[in-house]
Amino acid sequence: MSEDVRLVAWVRGRVQGVGFRWFTRAKALELGALSGFALNLGDGRVQVVAEGPRPRCEALLDWLRDGDTPGRVDGVTEIWDTPRGGYDGFAIR
């Protein structure tokens, strides 16, 4: 059994207005056992917070970096932390 973790990722590029948050939510649901959200930031980035088993969070991060995402990803910065909880599923904010 793998430990649960919290992934916070900031995605740079052309990631707003292209359905990026919707596709991120769909990927999180496809991977399963993840909760959190995807949020457009004022500077043009998308912030993704995901909590769940480390392998699933790592798979989501790999997808954010190299997957078939809408728009164009120029880079992803991430931090890892302990889960905080309090999320009901995976939301678009």
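- The distance from the CG atom of L34 to the CZ atom of R25 is 12.0 Å, given to the nearest 0.5 Å.
- Counting heavy atoms from C-beta outward, W10 and L41 have side chains that approach closer than 4.5 Å.
- The two residues A33 and P53 have their closest heavy-atom pair at O-CD, 3.4 Å.
- Distance alone, capped at 3.5 Å, places no donor-acceptor pair between the R45 side chain and the N40 backbone.
- Enclosure of atom CG in D43 by more than 12 non-hydrogen atoms of other residues, nucleotides or ligands within 6.0 angstrom is indicated.
- Closest approach of A9 and L61 over heavy atoms only: CB-CD1, 4.4 Å.
- Between E58 atom CD and L31 atom CG the span is 11.5 Å, to the nearest 0.5 Å.
- The hydrophobic clustering, which links ILVMFWY residues whose side-chain heavy atoms are closer than 4.5 Å, places I79 and V49 together.
- V46 and L39 fall into different hydrophobic clusters, where Ile, Leu, Val, Met, Phe, Trp and Tyr residues are linked whenever their side-chain heavy atoms come under 4.5 Å apart, directly or through other members.
- V8 has its side chain within reach of Q47: a pair of non-hydrogen atoms, C-beta onward, lies under 4.5 Å apart.
- With values rounded to the nearest 0.5 angstrom, R65 atom CZ is found 11.0 Å from L60 atom CG.
- Atoms SG and CD, from C57 and E51 in turn, are 8.0 Å apart once rounded to the nearest 0.5 Å.
- Residues V73 and L64 have side chains not in contact (no heavy-atom distance under 4.5 Å, counting atoms from C-beta outward).
- Outside the 6.0 Å centre-distance limit, the rings of F37 and F90 are not counted as a close aromatic pair.
- Between the side chain of R21 and the backbone N or O of R93, at least one donor-acceptor pair lies under 3.5 Å.
- For the pair F20/T69, a side-chain contact is recorded, criterion being any heavy-atom separation below 4.5 Å from C-beta on.
- The environment of OH in Y87 is crowded: more than 12 heavy-atom neighbours from other residues, nucleotides or ligands sit within 6.0 Å.
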Worksheet item: After noting the C-alpha distance and the side-chain angles of W80 and L7, does the key distance pass the side-chain contact (heavy atoms from CB on, under 4.5 Å) rule?
Response: CA-CA 5 Å; W80 296 91; L7 164 68; 3.9 Å; yes

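- Judged purely by atom type and a 3.5 angstrom limit, R14 has no side-chain atom pairing as donor or acceptor with the backbone of G71.
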